[in-house]
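Single-structure report; data block below.
All residue numbers in this chain count up from 1 along the given sequence.
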Amino acid sequence: MASARVAALAAVLALGAQGAWLGTRFLASTEAFTHQVYRQSLVAATAEDTVHTQCFDGGWPDAAHRALRNSTLRRWELAGPPQAPGRPDEGDVVAIDSEGQAHYRYEDLMPLPGMTGDLADMAMYAGQSVELVRDVRQAGRLIHELTAQTVNVIEQMQRTTRSADEAR
């Protein structure tokens, strides 16, 4: 049985698309430049854990995005949600990177390797398809599996279409 991701990819390709956006799944690949805390948050998340927001706008003002709900986002929502600079705990350092640079609450930066601090309070971008992410795998393996499964679904669609045409 094909996953919803494979079925959706096969459907858009059947409708003439040349490709599809698969960002969330690849954030949890071994090659992604993402912190282990972020990867494990993606693996544990469901679609209901994501929210369409403008919360993490430091460096990217007024840009809507989808992210995992975390304590930063919850406090911001409970407060109104206010604009900068009046957001809860604005200016708090939530992470330090491997070069010693501080990163602040509401920045648009996600947790990266080498960072320390309250990484779960940072922006953790994720689409609703996050609920299909159940492990961290190599990107090449993901592409191979996705391609093989999608080709299989498209071939099944073609056989079904032919059968329907022959029945007429």
Side-chain angles (χ1 to χ4, degrees), residues 3-13 15-139 142-143 146 150:
S3 73
R5 180 184 319 119
V6 170
L9 179 57
V12 299
L13 293 173
L15 291 171
Q18 297 296 310
W21 188 280
L22 301 169
T24 300
R25 182 61 187 104
F26 288 96
L27 288 169
S29 68
T30 57
E31 297 87 346
F33 193 66
T34 53
H35 196 281
Q36 189 64 21
V37 167
Y38 187 15
R39 291 179 190 175
Q40 291 309 311
S41 294
L42 293 169
V43 169
T46 68
E48 291 77 29
D49 295 325
T50 69
V51 63
H52 193 252
T53 184
Q54 291 185 352
C55 178
F56 298 102
D57 67 350
W60 199 13
D62 301 318
H65 46 276
R66 185 168 290 278
L68 296 180
R69 183 170 273 113
N70 61 15
S71 64
T72 297
L73 213 151
R74 280 190 289 277
R75 283 185 270 184
W76 179 73
E77 289 173 327
L78 287 172
Q83 296 292 316
R87 300 178 287 195
D89 304 318
E90 189 145 15
D92 283 2
V93 173
V94 292
I96 304 291
D97 65 25
S98 59
E99 296 178 5
Q101 182 176 344
H103 295 280
Y104 301 92
R105 191 175 307 279
Y106 303 107
E107 277 189 18
D108 59 352
L109 186 65
M110 63 184 138
L112 301 173
M115 287 183 160
T116 59
D118 297 324
L119 305 183
D121 291 345
M122 297 179 73
M124 292 197 188
Y125 302 107
Q128 291 173 305
S129 67
V130 72
E131 68 186 9
L132 300 173
V133 177
R134 289 293 152 244
D135 58 10
V136 176
R137 291 191 219 161
Q138 292 180 335
L142 290 170
I143 291 169
L146 185 61
T150 302

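Put simply, the side chain of R25 does not reach to within 4.5 Å of the side chain of L132, judged on heavy atoms. Considering only heavy atoms from C-beta on, Y104 stays 4.5 Å or farther from D92 through its side chain. Considering only heavy atoms from C-beta on, Y125 comes within 4.5 Å of D108 through its side chain.
With sequence neighbours excluded, the residues forming a side chain to side chain contact (heavy atoms under 4.5 Å, CB included) with A45 are D49, L68, V130, listed by chain and number. A11 meets the side chain to side chain contact (heavy atoms under 4.5 Å, CB included) test with no other residue; sequence neighbours excluded. Scored by the side chain to side chain contact (heavy atoms under 4.5 Å, CB included) test, Q18 finds no partners at all (sequence neighbours excluded).
The CZ atom of R137 sits 11.0 Å away from atom OG of S29, with the distance rounded to the nearest 0.5 Å. Distance check, rounded to the nearest 0.5 Å: CD of E131 to CG of L42 gives 13.0 Å. Considering CD of Q101 and CG of L109, their distance stands at 9.0 Å, rounded to 0.5 Å.
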For residues 73-80, which side-chain N or O atoms pair as donor and acceptor with protein atoms under 3.5 Å away, sequence neighbours left out?
residue: R75; atom: NE; partner: S71; partner atom: O; Å: 3.3
residue: R75; atom: NH1; partner: D89; partner atom: OD2; Å: 2.4
residue: R75; atom: NH2; partner: S71; partner atom: OG; Å: 3.4
residue: W76; atom: NE1; partner: P82; partner atom: O; Å: 2.9
residue: E77; atom: OE1; partner: R69; partner atom: NE; Å: 3.1
residue: E77; atom: OE2; partner: R69; partner atom: NH2; Å: 3.0

Contacts table for residues 53-66: side-chain donor-acceptor under 3.5 angstrom, sequence neighbours left out:
residue: T53; atom: OG1; partner: C55; partner atom: N; Å: 3.0
residue: D57; atom: OD1; partner: R87; partner atom: NH1; Å: 2.7
residue: D57; atom: OD1; partner: R87; partner atom: NH2; Å: 3.4
residue: H65; atom: ND1; partner: A63; partner atom: O; Å: 2.8
residue: H65; atom: NE2; partner: F56; partner atom: N; Å: 3.2
residue: R66; atom: NH1; partner: T50; partner atom: OG1; Å: 3.1

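A ring-ring contact (aromatic ring centres under 6.0 Å, His included) check over residues 79-102, counting only residues at least two apart or in different chains, returns nothing.
The backbone N or O of P85 sits nowhere less than 3.5 Å from a side-chain atom of Y106 that would complete a donor-acceptor pair.
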